[in-house]
Amino acid sequence: MAVGKWGESFLKSGLPLEHLAVSTFRNMGWHCEPSTEYQRPNREDKVEWFEVDFEAESPWESEGDIDLRFIVECKYHDPSRFWMMLPYTPLRWHFEDRLLNFAPFGVLRARRDSTLLRIAPASTRGVVVSQDGQRQDDALYTAIQQVVHAFVPLVLQHGFAYNLDVKRGYSPIVTAYIPMIITNAALFRLRPSISDLTAIRSAKSPRDVADELPWTWCYFDASRALLEEQWDLIDQHRENESELLQRYPACEERISLLAGRPNWIAVVNIQHLAATVNAIYKQFRQIKTVSTKEFTPKASNRNKKSAAGARVK
């Protein structure tokens, strides 16, 4: 084997990047579930098992029953490639409730605040670009498709099943879900002021026309096909978990709002992952929410640990 070649081959498998990402979360006290599986229809409309790289759940706090959970896909690139994204002008769904996808209840006091969205630049779409100018496979598009197709099945499994599966009289834990893509590729966002194709063609470096970012909020709108897939999954979940859902009438409206999500994806360079997670989580903990007991018939007081212990096994 040629000297040095095996290392790049191993890196291209994606496993080292995934390992580093999981280790970063765990070193910050987050709980990680690697290789999370879910079911969805394939292109032939047959239900199959798929997976994302891992899910990461925030550390347990001494009080409160609201978690933050990232659904994560990792993408490795050799150093010759980078991601170029477009700037996003806030128009639709630019507020907290469409970023923090709460389940099984909507607990935000101010659904249309956008504090969290302001902590990083907003972008939309993007492509993989190489230094030598050759067209590249669009791994960014692939990663986006993986996390958005995984999103509703995983939120249904966790938020509208696992979180609800507690002893009667106990208030379920509420979770906010955010999809995340982690890459080692440099992230660039085209400057909004660029309006001449010649400027791009003559640029000697992406920095001539774009800003390099540690991370960005990337906007996503579901296609009609994805919406139909999501509604089918929601209807099937209502049928399969009818007993659990009927315990909490507030779930019915919330589960319907799951279709069309997610709208925002955190796209992060691995070197800035710890700082990004800390920034998001710090702001998340400052968001004002209502008590989960407002949604739970005859709920009793208890802390998070007692609720977790009360889950029906």
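The figures that follow rest on heavy atoms only: side chains count, while hydrogens, waters and symmetry mates do not.
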Query raised in the report: Would you say the side chains of S35 and D53 form a donor-acceptor pair under 3.5 Å?
Result: no
Query raised in the report: Does a side chain donor of either R81 or T183 reach within less than 3.5 Å of an acceptor in the other side chain?
Result: no
Query - Modelled atom types, side-chain donor and acceptor of D232 and Q236, under 3.5 Å - result: no
Query raised in the report: Do Y281 and W30 have their ring centres less than 6.0 Å from each other?
Result: yes
Requested in this report: Is it possible for you to say whether Y248 and F160 belong to one hydrophobic cluster, with membership spreading through side-chain heavy-atom contacts below 4.5 Å?
Outcome: yes
Query raised in the report: For atom CD of E243, is the number of surrounding heavy atoms from other residues, nucleotides or ligands below 6.0 Å larger than 12?
Result: no
Report task. Determine, step by step, whether S130 and S80 satisfy the side-chain hydrogen bond (donor to acceptor under 3.5 Å, both in side chains) criterion, reporting the C-alpha distance in whole Å, the side-chain angles of both residues, the deciding distance to 0.1 Å, and the verdict. Result -> CA-CA 6 Å; S130 64; S80 69; over 6 Å; no
**Report entry** Within residues 261-275 or reaching into it, pairs that qualify as salt bridge (charged side-chain N to carboxylate O under 4.0 Å, His left out) - sequence neighbours excluded
**Finding:** D97-R261
Query raised in the report: When the ring planes of F102 and F284 are compared, do they come out parallel, tilted or perpendicular, using 30° and 60° as the limits?
Result: parallel
Query raised in the report: Would E33 and R69 satisfy salt bridge (Lys or Arg N to Asp or Glu O under 4.0 Å), going step by step from the backbone distance to the final call?
Result: CA-CA 11 Å; E33 299 175 9; R69 193 174 183 93; 3.0 Å; yes
Report summary line: Given the options W93, F220, Y219, Y88 meets ring pair (Phe, Tyr, Trp, His ring centres under 6.0 Å) only with Y219
Query - Heavy-atom closest pair, residues E73 and V147 - result: CB-CG1, 3.5 Å
Report task. Keeping to residues at least two apart or across chains, list the ring pair (Phe, Tyr, Trp, His ring centres under 6.0 Å) pairs with something in residues 173-205. Result -> F82-F188, H158-Y177
Query - Side-chain (D208) to main-chain (S205) donor-acceptor, under 3.5 angstrom - result: yes
**Report entry** R125 atom CZ, neighbour heavy-atom count above 12 within 6.0 Å
**Finding:** no
Query raised in the report: Donor-acceptor pair, N240 side chain versus R238 backbone, under 3.5 Å?
Result: no
Query raised in the report: So, does E96 use its side chain to make a donor-acceptor pair with the main chain of L116 at under 3.5 Å?
Result: yes
**Report entry** Presence of salt bridge, E229 and R224, under 4.0 angstrom
**Finding:** no
Query raised in the report: Looking only at side chains, do W83 and H77 share a donor and an acceptor under 3.5 Å apart?
Result: yes
Query raised in the report: Parallel, tilted or perpendicular: which fits the ring planes of F295 and F105, with parallel below 30° and perpendicular above 60°?
Result: parallel
Query raised in the report: Is it true that E212 and R189 have a side-chain N and a carboxylate O under 4.0 angstrom from each other?
Result: no
Query raised in the report: Does a side chain donor of either S114 or R118 reach within less than 3.5 Å of an acceptor in the other side chain?
Result: yes
Report task. Please say which of N184, L187, I182, T216 ends up in a side-chain contact (heavy atoms from CB on, under 4.5 Å) with N269. Result -> L187
Requested in this report: May I ask you to decide whether D113 forms a salt bridge with K288, counting only side-chain N to carboxylate O separations under 4.0 Å?
Outcome: no
